[in-house]
Amino acid sequence: MAMLTAKLTSPAATTSWLPGGGRRSAPPRRATVIRAAAVSYADELVSTAKSVASPGRGILAIDESNATCGKRLASIGLDNTEVNRQAYRQLLLTTAGLGEYISGAILFEETLYQSTTDGKKFVDCLKDQNIMPGIKVDKGLVPLPGSNNESWCQGLDGLASRCAEYYKQGARFAKWRTVVSIPCGPSALAVKEAAWGLARYAAIAQDNGLVPIVEPEILLDGDHAIERTLEVAEKVWSEVFFYLAQNNVLFEGILLKPSMVTPGAEHKQKATPEAIAKHTLTMLRRRVPPAVPGIMFLSGGQSEVEATLNLNAMNQEPNPWHVSFSYARALQNSVLKTWQGRPENVEAAQKALLVRAKANSLAQLGRYTGEGESDEAKKGMFQKGYTY
C-alpha cells in the first residue's frame with residue numbers, strides 16, 4: 001500500500017514566438033514525486049492498526065512517567081523506586097488471559113526495556129498474548145509563550161532516532177499527548193500548535209514503522225456545558241486532520257485517542273451516557289474520515305464505571321470506525337487498591353484487572369450493563385490540572 005503523490009512543478013509545455021517569427025517550445029512539465037511518510041512501512045502500519053482495533057479489545061495505557069507512577073505508588077504507601085515500578089508493571093503485563101480483552105499496551109520508555117524478575121522481557125510477555133507493545137514518545141508539556149497560560153508538547157527533536165530504536169526493541173505503535181484547555185480559550189495559537197505538533201509526530205512515527213496514536217486531549221477542567229465542548233472538539237479535530245493531510249500521513253495507519261464530549265467537570269449538570277454518546281459521535285462523524293481504523297477513547301478522570309458506560313452507549317449502533325478504549329486510571333484504579341504492594345495480593349489484583357478489562361470489552365461490543373459494579377469503581381477520578 002505504498003502511497004505516492006505527484007505534484008506538477010512547472011506549467012504544461014507551451015509555444016512562444018521568437019523575434020523574426022520563429023517558434024520556441026517550452027520544456028514539458030515535470031512531475032515531482034512526493035513520498036508519503038508511511039511508504040516504507042505502509043502494509044505493516046495498516047496491519048498493526050487493524051490488530052489494535054480488533055473487536056472486543058482495547059488499549060491498556062501504563063505509560064505514566066516515573067514521577068506520576070510514583071504518585072500512584074505513594075497512594076498505597078510504596079516508595080517510588082525502579083523495583084516497585086517494575087513489580088507493579090509486572091503484575092499488569094503478566095496477567096493471564098489479558099489478551100482476550102486488551103489488544104495493545106502503551107509503555108513508558110523504562111518499561112519497554114524492562115523484564116520480569118524471571119528475566120522475560122515485558123515486550124515478549126505482551127507478544128505472547130497477541131498484545132501489541134506501544135511506547136510514549138513525547139517529552140511532556142511546557143508553557144506556550146504568547147498564549148493564554150496554555151501548553152505545548154515537546155519532543156520532536158530526536159524523535160526519528162528514538163522511534164527507530166523503539167521499533168528495534170519491539171514497539172509497534174506510539175503515543176503523543178498534547179492538551180487543549182477550554183477555560184483558557186482555547187487560543188488559536190494553542191490549537192494550531194497542538195495540531196501541527198501531532199501531525200509532525202505522526203509522520204515521523206510512520207516513517208519509522210510505528211502506528212501513531214493521535215491524542216489532543218480536551219481537558220475536563222471547567223464549568224462549561226457539553227455544547228461548548230462539542231464546539232471546541234470540532235475545531236481541534238478539524239485542524240488536526242488538516243495538518244495530518246498536509247504531512248502526508250497515512251490515515252489507514254493511525255489511531256485516534258480523543259476525549260469524550262462531556263460537560264466540564266465543574267458544570268452544574270452531569271450528562272447521561274446517551275447524551276455523551278450523541279455529542280461525541282456527532283463530532284466524530286463530522287471530522288473523522290472512515291479510513292481511520294480505530295477511535296480509542298481516553299477516560300480523562302471519569303470513574304471506572306462512567307468511562308465504561310459512556311463507551312457502551314457509543315456502541316449501540318454500528319460506527320464507521322472501531323470505537324474502543326485506551327484507559328489508564330479507568331483500568332488501573334481498582335487494581336492498585338487491591339494490590340497494596342503486597343505479593344500475596346497479586347493474584348487478586350490481576351483478577352481485578354480482568355474484571356475491568358472484560359467490562360470495557362463488553363462495552364466495545366455494546367453489551368455492558370453495569371450490573372454488580374462496586375462502589376469503588378463508581379468513584380470519580382478527576383483531578384484539576386492533572387499531569388502525566
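Counting from 1, the numbers follow the sequence of the chain as shown.
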Joint hydrophobic cluster, Leu126 plus Val346, side-chain heavy atoms closer than 4.5 Å: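 Yes, Leu126 and Val346 fall within the same hydrophobic cluster.
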Would you tabulate the side-chain donor-acceptor contacts of residues 50-60 under 3.5 Å, counting partners in other chains and residues two or more places apart, or write 'none'?
{"unit_1": "Ser54", "atom_1": "OG", "unit_2": "Ser51", "atom_2": "O", "d": "2.9"}
{"unit_1": "Ser54", "atom_1": "OG", "unit_2": "Arg57", "atom_2": "NE", "d": "3.0"}
{"unit_1": "Ser54", "atom_1": "OG", "unit_2": "Arg57", "atom_2": "NH2", "d": "3.3"}
{"unit_1": "Arg57", "atom_1": "NH1", "unit_2": "Gly99", "atom_2": "O", "d": "2.9"}
{"unit_1": "Arg57", "atom_1": "NH1", "unit_2": "Ile102", "atom_2": "O", "d": "3.2"}
{"unit_1": "Arg57", "atom_1": "NH1", "unit_2": "Asn130", "atom_2": "O", "d": "3.1"}

Please determine, by modelled atom types, if [X] and [Y] share a side-chain donor-acceptor pair under 3.5 angstrom.
| X | Y | value |
| --- | --- | --- |
| Ser326 | Lys257 | yes |
| Gln332 | Glu64 | yes |
| Asn360 | Thr308 | yes |

Partners meeting salt bridge (charged side-chain N to carboxylate O under 4.0 Å, His left out) with Asp128 (sequence neighbours left out):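 So Asp128 forms a salt bridge (charged side-chain N to carboxylate O under 4.0 Å, His left out) with Lys120.
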Phe297-Tyr327 aromatic ring centre distance below 6.0 Å: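 They do not qualify: ring centres at least 6.0 Å apart.
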Ring centroid separation Tyr113 to Phe122 under 6.0 Å: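 Centroid distance Tyr113-Phe122: not below 6.0 Å, so no.
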Which residues share a side-chain contact (heavy atoms from CB on, under 4.5 Å) with Thr81, sequence neighbours left out: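 Partners of Thr81 under the side-chain contact (heavy atoms from CB on, under 4.5 Å) test: Asp79, Val83, Asn84.
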Residues in side-chain contact (heavy atoms from CB on, under 4.5 Å) contact with Glu227, at least two apart in sequence or another chain: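 With neighbours one apart ignored, the set is Ala225, His279.
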Whether Phe241 and Phe251 hold their rings parallel, tilted or perpendicular, with breakpoints at 30° and 60°: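 Ring orientation of Phe241 relative to Phe251: perpendicular.
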Phe108: hydrophobic cluster co-members (side-chain, 4.5 Å):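 Reading the cluster by chain and number, Phe108 sits alone, since nothing else belongs.
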ILVMFWY cluster membership beyond Phe242 - transitive side-chain contacts under 4.5 angstrom: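 In the cluster with Phe242 are Trp196, Tyr243.
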Over-ring placement of Arg172 relative to Tyr167, 6.0 Å and 45° cut-offs: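 That pair qualifies as a cation-pi contact.
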